[in-house]
Amino acid sequence: MIKLDHVSKSYSTGAPALNDVSLNIEKGEFVFIVGDSGSGKSTLIKLLLRELVPTEGTILVNGVNVGKLRHRQIPKFRRNIGVVFQDFRLLKDRNVYENVAFAQRIVQVPNREIKKNVPSILSIVGLAGKYKARPKQLSGGEQQRVAVARALVNEPPILLADEPTGNLDPTNSLEIMKLLEEINERGTTVVVVTHNREIVNAMKKRVIAMNKGVIVSDEKEGTYVDEI
Ligand code: ADP
Ligand code: MG
């Protein structure tokens, strides 16, 4: 589902952000990516989204050679991937329903489908009763649930989350991670960048640790790895 083959990424300044990384993530996996700030985690996520192109190496996402995509092919490619960020990135002046529906409107899903799909995904994320609320009327945990619903409403096979619990308290963090686990159990491949040691250690998932642009460990049922 996701394959990196000898991938490097250099920005114009400094050491390479990713340095000869090879990695395979199968369909249906749940993977944590951990590592100190600056180790290249967000660069990896941006490469998967084709926000960046690799300096060297090849990246396959759902059968697509991401580095070879033409600009006009990028929007369609990105429909394969739902994304969640630390800062939620909701539309402040729209309610919960409209924030989620927006993701369907931009890919021209008919309104009668949207009216079925949005309530259905809101109920999966536990927000069925809050569809009329504005983001500022919600807790951080609820706002992140809206972001998860928006990421998933178009049913992408892959969900990427870059520090999704970075702005949440421990209780909400655990609930969001449990939600991501449930999403994974429904069949979506899930990749989560996180600093949340307790949750990583509790969830017994594959853990890939990065340091200075390289993978320093990769374990099934792993634990949070400090700098090696
Ligand atoms: P992480 O998400 O693990 O904190 P990043 O992927 O954001 O790490 O960054 C990896 C390295 O690349 C860091 O040294 C960072 O300073 C550098 N970097 C990230 N983005 C840019 C950029 N746009 N321009 C130049 N250097 C960058
Ligand atoms: Mg980062």
Side-chain angles (χ1 to χ4, degrees), residues 2-25 29-61 66-67 69 71 74 77-78 81-90 140-141 143-144 147-148 150-151 156 158-170 172-174 176-177 179-180 183 189-201 203 205-219 222-228:
I2 295 173
K3 188 173 165 71
L4 279 76
D5 191 28
H6 296 288
V7 171
S8 297
K9 174 65 193 176
S10 299
Y11 296 103
S12 48
T13 54
L18 283 191
N19 194 348
D20 197 21
V21 168
S22 294
L23 169 65
N24 226 326
I25 296 174
E29 276 199 88
F30 186 115
V31 181
F32 283 124
I33 298 181
V34 306
D36 285 354
S37 182
S39 58
K41 307 180 300 295
S42 294
T43 298
L44 172 59
I45 297 289
K46 287 175 185 163
L47 287 166
L48 296 177
L49 288 165
R50 181 51 157 87
E51 285 181 24
L52 296 172
V53 279
T55 316
E56 284 177 68
T58 49
I59 302 175
L60 293 178
V61 176
V66 179
L69 281 174
H71 270 279
I74 294 173
F77 163 73
R78 290 202 180 127
I81 309 177
V83 210
V84 176
F85 300 97
Q86 177 170 358
D87 56 1
F88 319 138
R89 302 193 188 179
L90 301 176
Q143 289 184 60
Q144 194 61 299
V148 171
R150 179 184 56 188
I158 300 171
L159 179 68
L160 305 179
D162 194 350
E163 305 201 27
T165 64
N167 284 349
L168 302 180
D169 62 36
N172 278 306
S173 295
L174 185 61
I176 288 294
M177 290 293 197
L179 174 61
L180 298 181
I183 300 301
T189 303
V190 175
V191 179
V192 184
V193 171
T194 186
H195 283 118
N196 202 312
R197 169 187 306 271
E198 289 74 24
I199 293 178
V200 169
N201 289 343
M203 283 176 61
K205 303 293 187 188
R206 179 176 174 190
V207 180
I208 295 172
M210 298 185 59
N211 188 25
K212 297 188 177 125
V214 301
I215 292 175
V216 291
S217 80
D218 182 349
E219 305 216 347
T223 52
Y224 196 95
V225 179
D226 287 301
E227 236 184 287
I228 294 179

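Whatever order the structure lists them in is the order used to number ligands and atoms, beginning at 1. No experiment lies behind these values; they were computed from the predicted model shown.
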Legend entry - Closest approach of any protein heavy atom to atom 7 (O) of ligand 1, naming residue and atom: S42 CB, 3.7 Å

Inset, instruction - For P156, enumerate each residue passing the side chain to side chain contact (heavy atoms under 4.5 Å, CB included) test, keeping only those at least two apart in sequence or located in another chain. - result: L152

Inset, instruction - Specify the protein heavy atom at minimum distance from atom 4 (O) of ligand 1: its residue, its atom name, and the distance to 0.1 Å. - result: G38 N, 2.7 Å

Legend entry - Close side-chain approach of T189 and V31, heavy atoms under 4.5 Å: no

Inset, instruction - May I ask you to check whether T194 and Y224 show a side-chain donor-acceptor distance below 3.5 Å? - result: no

Legend entry - salt_bridge(D162, K46) N-O dist < 4.0 Å: no

Legend entry - Ligand-residue contact atoms, ligand 1 with S37, heavy atoms, under 4.0 Å: 4 (O)

Legend entry - atom 26 (N) of ligand 1 protein-contacted, heavy-atom criterion under 4.0 angstrom: yes

Inset, instruction - Determine whether any heavy atom of G14 lies closer than 4.0 Å to an atom of ligand 1. - result: no

Inset, instruction - Search all heavy atoms of S39 against all heavy atoms of G35 and return the closest pair with its distance. - result: OG-C, 3.6 Å

Inset, instruction - Give a yes/no verdict on whether any heavy atom in G35 is under 4.0 Å from an atom of ligand 1. - result: no

Inset, instruction - Without swapping roles, check the side chain of S22 against the backbone of H6 for a donor-acceptor pair under 3.5 Å. - result: yes

Inset, instruction - Considering heavy atoms of the protein only, find what lies nearest to atom 5 (P) of ligand 1 and give residue, atom and distance to 0.1 Å. - result: T43 OG1, 3.7 Å

Legend entry - Identity and separation of the nearest protein heavy atom to atom 18 (N) of ligand 1: Y11 CE1, 3.3 Å

Inset, instruction - Go around the Mg ion (ligand 2) and count every protein N, O or S atom nearer than 2.8 Å. - result: 1

Legend entry - For S39, the ligand 1 atoms whose distance to one of its heavy atoms is below 4.0 Å: 1 (P), 3 (O), 8 (O)

Inset, instruction - Pull out every atom of ligand 1 sitting under 4.0 Å from any heavy atom of A17, numbered as shown with elements. - result: 10 (C), 11 (C), 12 (O)

Inset, instruction - Look only at interatomic distance and state if G40 has a nitrogen or oxygen under 3.5 Å from any nitrogen or oxygen of ligand 1. - result: yes

Legend entry - Protein non-hydrogen atom below 4.0 angstrom of atom 15 (C) of ligand 1 present: no

Legend entry - Close N or O approach (K41, ligand 1; < 3.5 Å): yes

Inset, instruction - Looking only at non-hydrogen atoms, find the nearest pair between K9 and V53 and report the distance. - result: NZ-O, 3.0 Å

Inset, instruction - Please state which part of D36 comes within less than 4.0 Å of ligand 1, counting heavy atoms only: side chain, backbone, both or neither. - result: backbone

Legend entry - Neighbour count above 12 (heavy atom, 6.0 Å) for Q86 CD: yes

Inset, instruction - Provide the closest heavy-atom pair for V200 versus V34 in the form atom of the first, atom of the second, distance. - result: CG2-CG1, 4.3 Å

